[in-house]
Novice: 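Structure in structure tokens, see below.
Letters A, B, ... are given to chains in the order of the sequence lines, protein chains preceding strands, and every chain is numbered from 1. Below, each value reflects all heavy atoms present in this structure, side chains not excepted, and no hydrogens, waters or symmetry copies.
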Amino acid sequence: MKVRLSYVALIPFLVFFMFPLYWMLITSFKTDTEITSLEGIPLIIQSKPTLAHYKKIFFEEKLPTWFKNSFIVTTLVTLITMSISISAAYALARMRFFGSQPLGIGIFLTYLVPPTLLFIPFYKVVGILGLLNTKWSLLIIYPTATVPFCTWILIGYFSAIPRQLDEAAFVDGASYFQMLTRVFLPVATPGLIAATMFAFTVSWANFLYPLAYIYRHDEQVLTAGIYTSLIKGDVYFWGELMAAALVASLPVVVVFAFLMDYYIAGLTKGTIK
Amino acid sequence: MKVRLSYVALIPFLVFFMFPLYWMLITSFKTDTEITSLEGIPLIIQSKPTLAHYKKIFFEEKLPTWFKNSFIVTTLVTLITMSISISAAYALARMRFFGSQPLGIGIFLTYLVPPTLLFIPFYKVVGILGLLNTKWSLLIIYPTATVPFCTWILIGYFSAIPRQLDEAAFVDGASYFQMLTRVFLPVATPGLIAATMFAFTVSWANFLYPLAYIYRHDEQVLTAGIYTSLIKGDVYFWGELMAAALVASLPVVVVFAFLMDYYIAGLTKGTIK
Amino acid sequence: MAKVVIENLSKYFDRVEAVKNFELEIDDKEFVVLVGPSGCGKSTTLRCVAGLEEMTAGEIHIGDQMVNDLPPRDRNIAMVFQDYALYPHMSVYQNMAFGLKLRKYAKAEINQRVREAAEILGIEELLNRKPRELSGGQRQRVAVGRAIVRKPSVFLFDEPLSNLDAKLRVQMRAELSKLHQQLQTTIIYVTHDQVEAMTMGTKIVIMKDGEIQQVGTPMEVYEYPVNLFVGGFIGSPAMNFIPAKIISKDSELSVDAGSFELVIPSEKEQYLQGKINEEVIFGIRPEDMQDKSFAEKSIQGGSIQAVVEVVEPLGSEVQLFVISGEHSLVARVDPRTQARLSEGIKLVLNMDKIHIFEKEPPHFRVKTEERP
Amino acid sequence: MAKVVIENLSKYFDRVEAVKNFELEIDDKEFVVLVGPSGCGKSTTLRCVAGLEEMTAGEIHIGDQMVNDLPPRDRNIAMVFQDYALYPHMSVYQNMAFGLKLRKYAKAEINQRVREAAEILGIEELLNRKPRELSGGQRQRVAVGRAIVRKPSVFLFDEPLSNLDAKLRVQMRAELSKLHQQLQTTIIYVTHDQVEAMTMGTKIVIMKDGEIQQVGTPMEVYEYPVNLFVGGFIGSPAMNFIPAKIISKDSELSVDAGSFELVIPSEKEQYLQGKINEEVIFGIRPEDMQDKSFAEKSIQGGSIQAVVEVVEPLGSEVQLFVISGEHSLVARVDPRTQARLSEGIKLVLNMDKIHIFEKEPPHFRVKTEERP
């Protein structure tokens, strides 16, 4: 009952979230004539809806390739991020070594370093590694943004898990590995989900780096691909843009839809009580 | 003593932070000949250092204007963000109204909405408001990113302040305003500083929106200004780029240098014990 | 320095009635303790008096004034909170001076009052410290100091000792009692701990489920609890309750508890005539069950045979958990007892101190004596 | 089902010595309680036995085995933690079965053992609940259940009752005592609460600053504390300590406490001859100071005059905080006492029960009797 009511309060955010989606959806089915017409009403389709924009992006543009590239990059980045973040956060939250606390703070501060500052050195590093103009360059770059923040989120969750829980598992007969997989990580699930969502969203939606580092169409990812191919100077192909952006945001919507329940459950109930 | 030692553990992060700075500093004083020379050693100046790049960016480029624009935008955005976030976080952390908790979660989720999704609708909104191609557009756009996250940070800090503290102030004779200004906000200082730093850094360093929304040189801010004027296609003016990026990151470095102490003190000591 | 009258106070949270028709007159200079298990509405009542919670119905008078619509700052009260609620960013001095500053007292006056209070509480040397540099007991004292500098007409205490360890609690209890005598003010004190209530209160108000069960002095509620709940709540270890029947045999009344029968003293017979052959609950406090070998000879009592289950030596006495027939009982006996685990023991029950409760809720106590 | 021997255990944290040369033999089936104020090293000692903390020096034997280098899982121990440490994502059944599953017991065996333990603890109906759906007392029982299903040779308890309220603590104390008798295993129990130590332990180990002060049965440490610390730590309210001098007068020995002099019983004189004219600390427990009007006639004692500062009625007795000359004292007297605030009272001190401590640290107790 209580959980049901919680969802009601999420309505304004769903509106905020759904409104652009709706606008994009509507626009993507409008004909170019209607979009540019001065009598057009933004949120209603007046003339016949068309699939022309979708046809164009799927068959004429490289959209399927970009989608595949984005998918590969995002999956790998999320995996890399979570492996590093879980290890780092566990070490920082659990092991009392010299300076572990300021190290944790340092990690968070790193996240705050403006990308502008790192943009140019990264360009050189990627160049030296011979990864310029390939999607693999993003596997190097994205984790510099995702790892610090995810580690920071996880440190928070991990430190909230009482150390006695680990110790109870040890006394119960668990090895280190069993303690981690059967007690510690299951208890930290809400934190792991939150961090994964963050890593996924950031690497899926990042825009700046692929735009700057990748020129070859074949290697491009979705976000930058849409921008470069559908905005020429100040000419906007609105119909295609909307259709493409919609397709691009689908995975994020899907991830949120599936994990939201866990996420909210984790944040509201709290696991440790 | 203990605080001193904490700083030692920050060294790896200072290196991570300072290394690009040092590289930029060195390169910005090199002559163009040395930069492009194949015998050049990246981290050492071999021939005579030069101020030519600085002269160029300060006198030939619009850098002072951009700096001023960035400063205005960042200051205003930070002020707007903090006023909204403090009110929202206070309401959400303190007032038990229907659905206040999921509302807080919703705010955080909003922060996770990928900018790609908002990019195109925002473009239209800014256009309708007649702010396209002006720095004022950023005053509308940046807070959509900073307010949710800052509110979320502040909710965390605010909820950790025991409600009895407010009540003690009321019983002691404080009005609502006195309770806020003399007890509640001073106790929340570390949270306020963290949120301010975040708002400042994000609005100073954001890159995507000014690049897309502002074409007039006079209205441009620092980050995008540097990028558009010093990278022409795939020709990079390295000396100027480095000099400009260095100047651009100064304020962030200064803010961190001054507030780091409070920030770390807030995170390590905790105010409520 | 003020009388407090609470009339017909009710408080709902959503649909839950936290406090029901609470009626109480508190005389000037009284030390009233509201006591009860958690959720009984005692804290809510206190917070209504403080003005931190709005009442659903009723009236509260402090001194000559109806304070229903006054904010906390105009009620001339001071409050000590469970977690002390010291302002963490202020020194001890500033914490204590805060209320006076807000009321725009002169600097010299503030200084004098803070030092006076600090002296009473023995915290003069802590005035420049921050709360986080203090121990639990010191924080407790500062919280009290912050309340007394204002010289309010009523002090409110909300479980102020619950975060202290056992030793310190005993000490602070005595200190608060002394402070009350010294300041001669009205105190309303909330606690879930019946020991605090008994030892500190001049009047105890026992609450349960939002309702007052009994109001009285510590010895009154201990010796003449109005019902089963009060009988079990006050006193530790709790009173033993045994389902029994009043029977008449050989022209004497007895308590028949199945496995044993005990003769009721003749003075009490007149009160129990109406209960003959009725089922009741027979109550006896642990200290009124003595090891027969060391019992005072003067005790007028019946003895029962029991088997010892647990022996808890406390130094000055021994608590015995015993089984007699189908009943589990607790007795506090002389430390010289020879009771051994799983062995039998003869216990004497002081029948002058028995309690008879009705079988049906709310289990009222049956009158069995004239009160002095 | 096993003897535990701890030899010369030491543990440093950085440079701080948390436990110093700890030596203890624990017999099979003993219930040993380590007790002391916080920071005395009692928990660290327990954690060393559990294998959760590495020792700096020393040896620990459980049964016939030296376990220094064994991880916790190979030590055949079970532990109950202060915060229960139940796995929040598992049901009560899964919590209890976890240790058996890890040890690859057959399903039927696991099921049988869990149900058996649940029955002993009366938690059969909770088996499908999650820990967060349980009350404090229920969690406590599940934590104990998780320990007993494994049938370990030693149980370790780390302040298991400190999160329960007063009433529940009294109840769980008795339950744990019964459980010990039922299971017949060795138990090592850590607490800061001297009441728990007294009531549950068959042997008490009192620690302070990492060092053992005294080892003995509850009544031994209560009646013959080795030093001032133990005398003050065991018993509540704490023993009264009065700086005094042993004097010889009229061929009798007396304690001269300035404002009063008390004659020492002749049986004790022989032990105190060497202390004549020396400064000592005179100790007497609150229950050995009685209201003269209600004192047992048999008491051989001296009486003193005092002024009552605080009266704390507890129902079965009254605690009096009094001032006699320059000394503040606590007495536990008969509830019929007529003592009134700020009035005088005559107290009888039971001189057979006095304690004399040396003036110099560590304030050893001077022997004044033959022990039985």
Novice: Please check if the number of heavy atoms outside C:E109 that lie under 6.0 Å from its CD is greater than 12.
Specialist: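 Yes, enclosed.
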Novice: Checking C:L156 against chain B: side chain, backbone, both or neither under 4.5 Å from a heavy atom?
Specialist: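 Neither; nothing under 4.5 Å.
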Novice: Using side-chain heavy atoms (C-beta onward) and a distance below 4.5 Å, is B:R182 in contact with C:L102?
Specialist: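 B:R182 reaches C:L102 side chain to side chain.
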Novice: Could you report the tightest heavy-atom contact between C:R103 and B:V171, atom names first, then the distance?
Specialist: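 So the minimum-distance heavy-atom pair works out to NH2-O, 4.1 Å.
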Novice: When rounded to the nearest 0.5 angstrom, what is the spacing between NZ in C:K101 and CD in B:Q178?
Specialist: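 Interatomic distance, C:K101 NZ to B:Q178 CD, rounded to 0.5 Å: 12.0 Å.
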Novice: Taking side chain as C-beta onward, heavy atoms only, is B:D172 less than 4.5 Å from C:R150?
Specialist: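 A side-chain contact under 4.5 Å exists here.
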Novice: So, do B:L165 and C:P88 sit near enough that their side-chain heavy atoms are less than 4.5 Å apart?
Specialist: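 With C-beta onward as the side chain, the pair touches.
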Novice: Is any side-chain heavy atom of C:R47 closer than 4.5 Å to one of B:E167?
Specialist: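 Yes, close enough: below the 4.5 Å cut-off.
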Novice: Give the minimum heavy-atom separation between B:F170 and C:P72, together with the two atoms involved.
Specialist: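 For B:F170 versus C:P72, the nearest heavy atoms are O-CB, 4.0 Å.
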Novice: Counting only heavy atoms closer than 4.5 Å, note whether C:K130 contacts chain B via side chain, backbone, both or neither.
Specialist: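 Neither part.
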Novice: In Å, rounded to the nearest 0.5 Å, how long is the span from CG of C:L52 to CD of B:Q164?
Specialist: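 The CD atom of B:Q164 is 9.5 Å from CG of C:L52, to the nearest 0.5 Å.
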Novice: Count the heavy atoms of every other residue, nucleotide or ligand shown that sit under 6.0 Å from CD of C:Q181, and state whether that count exceeds 12.
Specialist: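 Yes, CD of C:Q181 has more than 12 neighbouring heavy atoms, counting only those of other groups under 6.0 Å.
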Novice: Out of B:T189, B:L185, B:V187, which residue meets the side-chain contact (heavy atoms from CB on, under 4.5 Å) rule with C:H89?
Specialist: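 Single pass found, and it is B:V187.
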Novice: Ignoring hydrogens, what is the shortest heavy-atom contact between B:A168 and C:R146? Give both atom names and the distance.
Specialist: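 That would be CB-NH2, 3.6 Å.
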